[in-house]
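Below, each value reflects all heavy atoms present in this structure, side chains not excepted, and no hydrogens, waters or symmetry copies.
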Amino acid sequence: MSLIDWTVLLITLTGIIVYGVYKGRNQHGAQSYLLADKKMPWYLVLLGIMSTQASAITFLSAPGQAYTDGMRFVQYYFGLPIAMVVICITFIPIFGKLNVYTAYEYLEQRFDRKTRLATAILFLLSRGLSTGISIYAPSIILSSVLGWNIYITTVLLGGLLIIYTCSGGAGAVAHTQKLQFMIILSGMALAGWLVVESLPSGVDMGDALYVAGKAGKLNVITTGFDWKDKYNIWSGIIGGFFLALSYFGTDQSQVGRYIVAKDAKVARMGLLMNGLVKIPMQFSILLIGALLFAFYSFKPAPLYFNEGSYSLLKEQHPQQVLKIENEYQVLQQRYARQVREVAAERNNSKEHSDVLAKEFQQTKEQIEQLRGSVNDLISLNKLSTDSSDTNYIFLYFVKHTLPKGVVGLLFAIIFLASWGSVSAALNSLAASSLMDVQLLKGSNTVSEKKQLLYGRLHTFFWGIFSIGVAMFATQLGSLIEAVNVLGSLFYGTILGIFLVAFYMKPVKGNNVFIGAVVAEICVLLIYKADIVSFLWLNAVGALLVPFVSGCLYLIQKRASLHNDQ
């Protein structure tokens, strides 16, 4: 990067850290540290919810996801607006009335202590692992830019993040997320505009979209039903609904964003606005990936986007790489000619255009096979800590195409996105481990000063834990898929426990506890056997807990009636 880029990057990041420490001053106890004294207005609630969900993974990996698999990933969010309505009707009034620190406090009042503890542990496990993956995402950038070892950059970025999260608590998180998200949206809009502006002379956005569409990258809605298909309208609406309901309704990293609101009305407004804004935002980010595909169709694309790993492969196996590169050059020249022929025919005969499109799709498949062979060689020789080239596509475009200053800004955006989501996650992990585990018997016996100290220590612990997880997040492929798969392994069961709590009043603690254990075992077995795609696991877990709990209750009731006779 140039000196200008470094200046922009460092000023932006330093400013956020200083601002976070400043806004999080004057902490006096758990109420202020974990809940920001419940004074947040609706727009901070909205920005907090969206910033927590839109991590660096969203902005780093989502364009690459669309580049390789098209825009059908957006269907993953189709169930979200429905879930927001359900949460506003059922979840928020209960959490607000009880004045809870965490969502899991309610479960002890409704069931028993072991159910609260078990649910909190499921959350801590899933969110702690996901947070580690979120820290790893920006570490890829710093490692790529500086040529440093990925483990060093992970510790560096995680350490900087811990500074203001530990010192400022929920107040620092909420206020920094406000700035972070505004900068992020502006930067991503600028990136989309620059992709179009960087297209070759004579190629406009219409040409780019036409080529992307012919290549299957604009597949926003796919209606075919397949249990193993990860992204279609059915898995998106049904599986996505259960995932969103669990994530926003029972995951403390999200619940913690809206229970800090001044009242239930403010919390509802933040959630409903999120339901309206999230799909268009995700659509726009994925569209950047589809446009990137078109950009690298009209302009030569690299054989492999992860430059560091590819350079090592060329050094160690020059003859094999040279052979692949020669094949690639031939295919790339043919592909570039075919793409321009397809674009030139977009206003002419559809039949002829379809024939041309089929030819360029076949060439594209051959190119992808070559890229796959490079990836296999890199994996076989253990030359990369990251098994997926997808995570480097947007990064490569930023580094090699955008003007000075903008590169530093976009790198800063990806860092800020990471910090926004991870800081909220650390705050929620600290809240849950402190209130649901350490102070499970009640916080009244611990002074406010000690609660504040414990809160900071818990935040520090989860920061270190997440950095440790990030060290092992190198073989997960597409990060945006990895983090969602991980959540789907646990979210359904957690949601199922809350569904029983809200809607099955006669069912008691022992029944729901057994139901949760059975459901979680079934979810893990189904995932291991690869029976359905990961989005359906949310529905499986959420429905199994009420089903098993209800059956146990009916069996006990029948046995009780039999004994009475």
Side-chain angles (χ1 to χ4, degrees), residues 49 52-53 55 57-58 72-87 90-91 103-104 107 118-119 121-127 129-130 133 222 225-255 271 274-275 278-279 282 425 478 480-504 512 515-549:
I49 291 168
T52 302
Q53 189 182 21
S55 68
I57 294 170
T58 302
R72 66 195 188 108
F73 181 78
V74 76
Q75 296 170 114
Y76 167 84
Y77 298 97
F78 282 4
L80 187 146
I82 310 170
M84 296 300 96
V85 174
V86 174
I87 292 170
T90 303
F91 290 61
Y104 317 115
L107 296 179
T119 310
I121 289 173
L122 281 178
F123 160 72
L124 292 170
L125 178 62
S126 61
R127 181 50 50 195
L129 295 173
S130 298
I133 298 174
T222 51
F225 183 83
D226 183 351
W227 287 107
K228 291 190 176 183
D229 182 18
K230 290 179 287 188
Y231 310 116
N232 57 58
I233 194 168
W234 310 109
S235 63
I237 292 176
I238 302 172
F241 165 75
F242 282 101
L243 177 59
L245 192 61
S246 181
Y247 179 50
F248 290 96
T250 69
D251 187 307
Q252 182 60 26
S253 68
Q254 283 294 348
V255 175
L271 276 172
N274 176 59
K278 179 60 182 177
I279 294 176
Q282 195 66 41
S478 172
I480 197 164
E481 278 197 1
V483 75
N484 289 315
V485 170
L486 182 59
S488 295
L489 294 177
F490 301 98
Y491 280 156
T493 301
I494 295 174
L495 174 60
I497 294 170
F498 278 89
L499 292 179
V500 174
F502 293 151
Y503 302 116
M504 299 173 67
V512 77
V517 171
V518 172
E520 187 59 35
I521 292 172
C522 289
V523 166
L524 294 174
L525 290 175
I526 291 170
Y527 173 72
K528 184 70 175 177
D530 192 25
I531 296 173
V532 297
S533 69
F534 72 88
L535 271 176
W536 291 108
L537 297 176
N538 298 282
V540 170
L543 296 176
L544 266 180
V545 177
F547 177 76
V548 175
S549 303

| task | Determine the sole option in Phe490, Tyr247, Tyr104, Tyr491 for which the ring-ring contact (aromatic ring centres under 6.0 Å, His included) test with Phe123 is passed. | result |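 Single pass found, and it is Tyr104.
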Please round to the nearest 0.5 Å and tell me the distance separating atom [atom1] of [X] and atom [atom2] of [Y].
| X | Y | atom1 | atom2 | answer |
| --- | --- | --- | --- | --- |
| Cys522 | Leu537 | SG | CG | 11.5 Å |
| Thr250 | Leu499 | OG1 | CG | 9.0 Å |
| Phe78 | Asn232 | CZ | CG | 10.5 Å |
| Leu80 | Lys278 | CG | NZ | 8.0 Å |
| Leu122 | Glu520 | CG | CD | 5.5 Å |
| Leu245 | Asp251 | CG | CG | 12.0 Å |

| side-chain contact (heavy atoms from CB on, under 4.5 Å) partner of Phe248, the single match among Val86, Leu271, Leu243, Val255 |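 With Phe248 as partner, side-chain contact (heavy atoms from CB on, under 4.5 Å) holds for just one option, Leu271.
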| Does Ile526 reach the side chain of Trp536, with side-chain heavy atoms less than 4.5 Å apart? |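 Side chain of Ile526 against side chain of Trp536, heavy atoms only: no contact under 4.5 Å found.
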| query | Does the side chain to side chain contact (heavy atoms under 4.5 Å, CB included) test come out yes or no for Asn274 and Met84, once each step is laid out? | reply | CA-CA 8 Å; Asn274 176 59; Met84 296 300 96; 3.7 Å; yes
What are the two closest non-hydrogen atoms of [X] and [Y], and how far apart are they?
| X | Y | value |
| --- | --- | --- |
| Gly541 | Ala519 | O-CB, 4.1 Å |
| Ser246 | Gly492 | OG-N, 4.4 Å |
| Val500 | Pro546 | CG2-CA, 3.6 Å |
| Ile279 | Tyr77 | CD1-O, 3.4 Å |
| Gly515 | Ser549 | CA-OG, 3.9 Å |

| field | Any donor-acceptor N/O pair, Gln252 side chain to Ala103 backbone, under 3.5 Å | value |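 Yes; at least one donor-acceptor contact below 3.5 Å.
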| Is a side-chain donor or acceptor of Ser130 paired with a backbone partner of Ser126 at a separation under 3.5 angstrom? |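 Yes.
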| task | May I ask you to decide if the ring planes of Phe73 and Tyr76 are parallel, tilted or perpendicular, using 30° and 60° as cut-offs? | result |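 Rings of Phe73 and Tyr76: parallel, as their planes differ by under 30°.
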| message | Is the ring pair Phe91/Phe502 parallel, tilted or perpendicular, if the boundaries are 30 and 60 degrees? | response |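 It falls in the perpendicular class, over 60°.
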| said: Can you confirm whether the side chains of Thr222 and Gln75 place a donor and an acceptor under 3.5 Å from each other? | reply: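 There is such a pair between these side chains.
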| said: I'd like to know if the side chain of Tyr527 pairs up with that of Ser488 as donor and acceptor (distance under 3.5 Å, no hydrogens or angles considered). | reply: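 No.
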| task | Using the side chain to side chain contact (heavy atoms under 4.5 Å, CB included) rule, take Val540 and Phe242 through it: C-alpha gap first, then chi angles, then the decisive distance, then the call. | result | CA-CA 9 Å; Val540 170; Phe242 282 101; over 6 Å; no
| Passes side chain to side chain contact (heavy atoms under 4.5 Å, CB included), Leu495 versus Asn538? Steps please. | CA-CA 8 Å; Leu495 174 60; Asn538 298 282; over 6 Å; no
| task | Check the pair Val518, Leu544 against side chain to side chain contact (heavy atoms under 4.5 Å, CB included), reporting the backbone distance first and the verdict last. | result | CA-CA 8 Å; Val518 172; Leu544 266 180; 5.8 Å; no
